[in-house]
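Lettering follows sequence order; numbering is per chain, from 1. Reckoned from all heavy atoms, side chains included, excluding hydrogens, waters and symmetry mates.
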Number of protein chains: 2
Amino acid sequence: MAKDKPTKLRARMPRGFADRGPGDLAPTRAMLETIRRVYELYGFEALETPFIEYTDALGKFLPDQDRPNEGVFSFQDDDEQWLSLRYDLTAPLARHVAENFDKLPKPFRSYRAGWVFRNEKPGPGRFRQFMQFDADTVGAPTVAADAEICMMMADTLEALGLAGKFVIKVNNRKVLDGVLEAIGLGGDENAGRRLTVLRALDKLDKVGPAGVRDLLGPGRWENPEAKSGDFTKGAGLEPAQIAVVLHAVEVAYDEDATFGDPRAKLEASAQWQEGIAELDEIQNLFVKAGYGDGRVKLDFSVVRGLEYYTGPVFEAELTFEVKDEKGRPVRFGSVGGGGRYDGLVGRFRGEAVPATGFSIGVSRLASALSYLKTDAAPEFGPVVVVVMDRDQTAHYMGLVATLRQAGIRAEMYLGNPKNLGNQFKYADRRNSPCVVIQGSDERANGQVQIKDLIEGAKAAAAITDNAEWRESRPAQFACGEAELVEKVRELLDHHGVPHGAALGDQRG
Amino acid sequence: MAKDKPTKLRARMPRGFADRGPGDLAPTRAMLETIRRVYELYGFEALETPFIEYTDALGKFLPDQDRPNEGVFSFQDDDEQWLSLRYDLTAPLARHVAENFDKLPKPFRSYRAGWVFRNEKPGPGRFRQFMQFDADTVGAPTVAADAEICMMMADTLEALGLAGKFVIKVNNRKVLDGVLEAIGLGGDENAGRRLTVLRALDKLDKVGPAGVRDLLGPGRWENPEAKSGDFTKGAGLEPAQIAVVLHAVEVAYDEDATFGDPRAKLEASAQWQEGIAELDEIQNLFVKAGYGDGRVKLDFSVVRGLEYYTGPVFEAELTFEVKDEKGRPVRFGSVGGGGRYDGLVGRFRGEAVPATGFSIGVSRLASALSYLKTDAAPEFGPVVVVVMDRDQTAHYMGLVATLRQAGIRAEMYLGNPKNLGNQFKYADRRNSPCVVIQGSDERANGQVQIKDLIEGAKAAAAITDNAEWRESRPAQFACGEAELVEKVRELLDHHGVPHGAALGDQRG
């Protein structure tokens, strides 16, 4: 192809996507394995669905709909039907359950880790492809299912070493709906304003109580003092309505005046009453199971963006502080959430199917763990066998094979071997614990030289030719070819570099 | 949402996609882990790229281009640029290397497992989403890099228990190009016919020597005897040209006449000579490293469909027999392949960058392993704590929590608890080893009943109420609540059901 297309392409990624190397992937893999182990312990089973679904099967439940195709990557199939990349793992699960309803055990408990896609405006830390790790119980009407999933999240975060550093916050959409009903925003005609109110509450972390009050009222300036910057239009509530809302979500904010008894207005809403009763029951389960120690707690300000929730909603928040872009200390914040979505499977079945689930934001959580990691021990690379004589390639590859058969990561240098310094620089870049050297003299005597790079790394870069090499030999020793494995093992053990079981042991 | 949208959607997947349950996922996960371990042992590092790339960065190298968007799922970004879902993991790697060229160690050895997408006509066993597990060495011009990757594939298949059941076949695109040159099909003007010749050779497994001869000549009928069915137009070669091609790929086929000395024609091609010399060198490396025992061998009929290969090409074939759709025994066939693609990174850099890689077809390989699996021991599900008294939910959840803390998979029944038979049916469907039962009498005495489902599964389904239950108690015993963990552990150990470390042990 290079011959046919002389035009040079620019190598670049679309915005909002990222490559990930071993420094990201190894800790993420370990983290996913721990999550999986806890989910399995709770009786959840693995289930994966494809990345592409019919657009109508996914539905439109995303909070941000300010983009042409409403946050979802979509395209037409050959038969003109619209397909989309999944934007979460819940909508595809609902499709799966509806499609296989009679075959599945009910309640159906399943988990899945997978990439999802949002066609949103990317920004710092905001990607268009990210991974979620979900667990869901479908067919369980009882709030015990919601409580269990919250406890499982607490156990998961503890298993990841985050004990004492998180809180699982629980609220109920019925309570929020009751609040909206109490201030006269029930009915289809108020759907848009209800959403504006919920979005205002969802911004509490970002804009604080005064900001939420402004967003519930006429609106909010980006710089409230100066009344400058972007202006976000508010929900347009009256002060009395705002007082009810703020009372309900337990956000203390001093108003100049009081507006009757907000509590009485809330208690007049049947939905609010039902939501509060469910939360009481959940709280009771937390306490009885020993999670009432602050790991899991009720918080009336939790909203959750997705529109398909119908009951309890949850949010996992990490409570330790990190620095924000401006260097100010802030709570690390949300690493996942979920809730009850009794209507989602029902879209396919014409009857409500109770369901509840929790989704972990894998990248956010991995990033949190990397903040806390104290043992920044470097990962060592493979042992590198350098190429002194080009015509001995087959022999060097044999040495490498011997090391690998013994479970030691090893490779022969595969670049141009002419410049010995480049071979050592390569070993340095791979963070190799040692290199194995065999020139014609050593070969004649059935020997190899082993150079300990952990001890003597610094001198290596300066050595560029064979003669100089033979002079200095820093941190280097000779041994017989037959002792190669034994001596390398000793070196690795001496430096505490892990090495695995023999290759043969893995077979079968 | 269910309230707002009374229209019932049909729950279905687009064609060519599939859901995967625990029976698929658990063995695949174990397989990926083994592959990863071998790749790491060979000094390869994890690297993952995103699912979506600029369409032009991926290029067009797919063999089948008979679909509107040529086998690739594509869509436009907001800025009108075309994006595509990756169709393999090699083109994105080339983009990554070109984009980060100066930062990477060279040679750059990396591996990745990931889903890829082909917008092709789906069929039985032919999906539009499938997983590949690739390893690539970029920046290594020597055929030692190709040889090494073939040996790694042999080690990988042995580590998966396939010793003696596979062959890694190696050919060289330069040999094939030399053959085409030898029969006068060099030059840009013959690009189309060259492709037709290569595709004909690629069909050897399917259509046999006679079929390939027909496809090299005028064409082939689906039913050659009756000259009926579909007719595939051939490459239109003369008999003398066909004789050279068949000689070159070592396909024995009796022609009515001979056409001079095909060998002499091949030896006149410089490309053919170069290709053969490289293969000799590779073969020498195989023999010296101990892989010359039939695990890895030269095979001049290997073509590989992708158009970006420039040198050695490889194919991993499983040699044991399975039944085809018509019940006839056939070799299991290809589970992966690869080759050298020196032009792919160069598309971005304006200079050739040597590179070679191998890609495992994960689903094909997993399916092969499942054929060979003999120990079809059932996977046991969680211990189920049944709900006898609805108002004791919190207490039952406490029992479950105790089991989980001890590393025993457990759950409380979360469906409607009214029908006890349903609770036992659920435990059966989950393949639970035992259920834990506590009615008011047991609770009053601080006891639980443990019912061994492995011993006494059959009777359970018939029991529908509490009274009948108390009569029969099959394979059931009582113990104190404090002994619950100990007694369940004994039961699991007795039946050889694995159970894990205590939850607390996983923390930190």
Side-chain angles (χ1 to χ4, degrees), chain A residues 1-2 8-9 11 14 17 19-22 25 41 43 45-52 54 56 75 83 95-96 98-99 105-107 129 137 139-140 142 144-145 158-159 161 285 288-289 308 343 346-348 350 352 382 393-394 397-398 401 404 409 411 414-415 426 429-430 506-508, chain B residues 1-2 8-9 11 14 17 19-22 25 41 43 45-52 54 56 75 83 95-96 98-99 105-107 129 137 139-140 142 144-145 158-159 161 285 288-289 308 343 346-348 350 352 382 393-394 397-398 401 404 409 411 414-415 426 429-430 506-508:
Chain A
M1 284 310 296
K8 203 169 87 178
L9 278 172
F17 294 92
D19 292 329
R20 307 182 324 134
L25 293 169
L41 201 54
E45 280 191 350
L47 171 77
E48 289 185 3
T49 63
F51 286 72
I52 296 174
Y54 282 119
D56 63 0
F75 36 92
L83 305 176
R95 188 271 308 149
H96 173 87
E99 193 174 352
K106 276 164 292 283
Q129 171 188 322
T137 304
T142 160
E158 295 211 340
L285 292 171
K288 288 266 179 66
Y308 48 59
R347 295 169 66 233
F348 301 100
T393 299
M397 286 185 82
R404 288 172 181 158
R409 294 187 71 194
E411 57 177 79
L414 283 171
Y426 174 81
R429 287 192 81 161
R430 294 299 307 278
Q506 302 172 357
R507 289 175 196 170
Chain B
M1 285 309 297
K8 204 168 87 178
L9 278 171
F17 294 91
D19 293 328
R20 307 181 327 134
L25 293 168
L41 201 54
E45 278 190 350
L47 171 76
E48 288 185 6
T49 63
F51 286 72
I52 296 174
Y54 282 119
D56 63 0
F75 37 92
L83 306 176
R95 188 271 308 149
H96 173 86
E99 193 174 351
K106 277 165 290 287
Q129 171 189 322
T137 304
T142 160
E158 295 210 340
L285 292 171
K288 288 266 179 68
Y308 48 59
R347 296 168 66 232
F348 300 101
T393 299
M397 287 186 82
R404 287 171 181 158
R409 294 187 70 195
E411 57 176 79
L414 283 172
Y426 173 80
R429 288 193 80 162
R430 293 300 307 277
Q506 302 171 357
R507 290 175 195 170

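Only the side chain of Arg429(B) comes within contact range of chain A, with heavy atoms under 4.5 Å apart. Both the backbone and the side chain of Ala145(B) have a heavy atom closer than 4.5 Å to some heavy atom of chain A. For Leu25(B), the part lying near chain A is the side chain, with the backbone staying farther off; criterion is any non-hydrogen pair under 4.5 Å. Contacts of Ala98(B) with chain A are made by both backbone and side-chain atoms, with heavy-atom separations under 4.5 Å. Looking at Phe51(B), the atoms closer than 4.5 Å to chain A (heavy atoms on both sides) sit in the backbone and in the side chain alike. For Tyr54(B), the parts sitting under 4.5 Å from any heavy atom of chain A are the backbone and the side chain alike. Both the backbone and the side chain of Ala144(A) have a heavy atom closer than 4.5 Å to some heavy atom of chain B.
In this structure the side chain of Leu285(B) reaches within 4.5 angstrom of the side chain of Met397(A), judged on heavy atoms. With contacts defined as side-chain heavy-atom distances shorter than 4.5 Å, the pair Leu47(B)/Pro22(A) does not qualify. Side chains of Asp19(A) and Glu48(B) form no contact here, defined as non-hydrogen atoms less than 4.5 Å apart.
Once rounded to the nearest 0.5 Å, the distance linking CZ of Arg347(A) with CG of Leu9(B) reads 5.0 Å. With rounding to the nearest 0.5 angstrom, the NZ atom of Lys106(B) is 14.5 Å from the CG atom of Leu414(A). Separation of atoms OG1 (Thr137(A)) and CD (Glu411(B)) is listed at 8.0 Å; rounding is to 0.5 Å. Between the NE2 atom of His96(A) and the CZ atom of Arg20(B) there is a distance of 12.5 Å, given to the nearest 0.5 Å. Leu83(B) CG to Phe75(A) CZ: the interatomic distance, rounded to the nearest 0.5 Å, is 11.0 Å.
For the residue pair Pro107(A) and Gly415(B), the shortest heavy atom distance occurs at CG-N, 3.1 Å.
Of the listed residues Pro50(A), Ala289(A), Ala46(A), Gly21(A), the one with more heavy-atom pairs under 4.5 angstrom with chain B than any other is Pro50(A). The candidate with the highest count of non-hydrogen atom pairs below 4.5 Å against chain A, out of Pro105(B), Ala140(B), Pro382(B), Ala394(B), is Pro105(B).
Looking only at distances, a side-chain donor or acceptor of Arg430(A) sits under 3.5 Å from a matching main-chain atom of Gly43(B).
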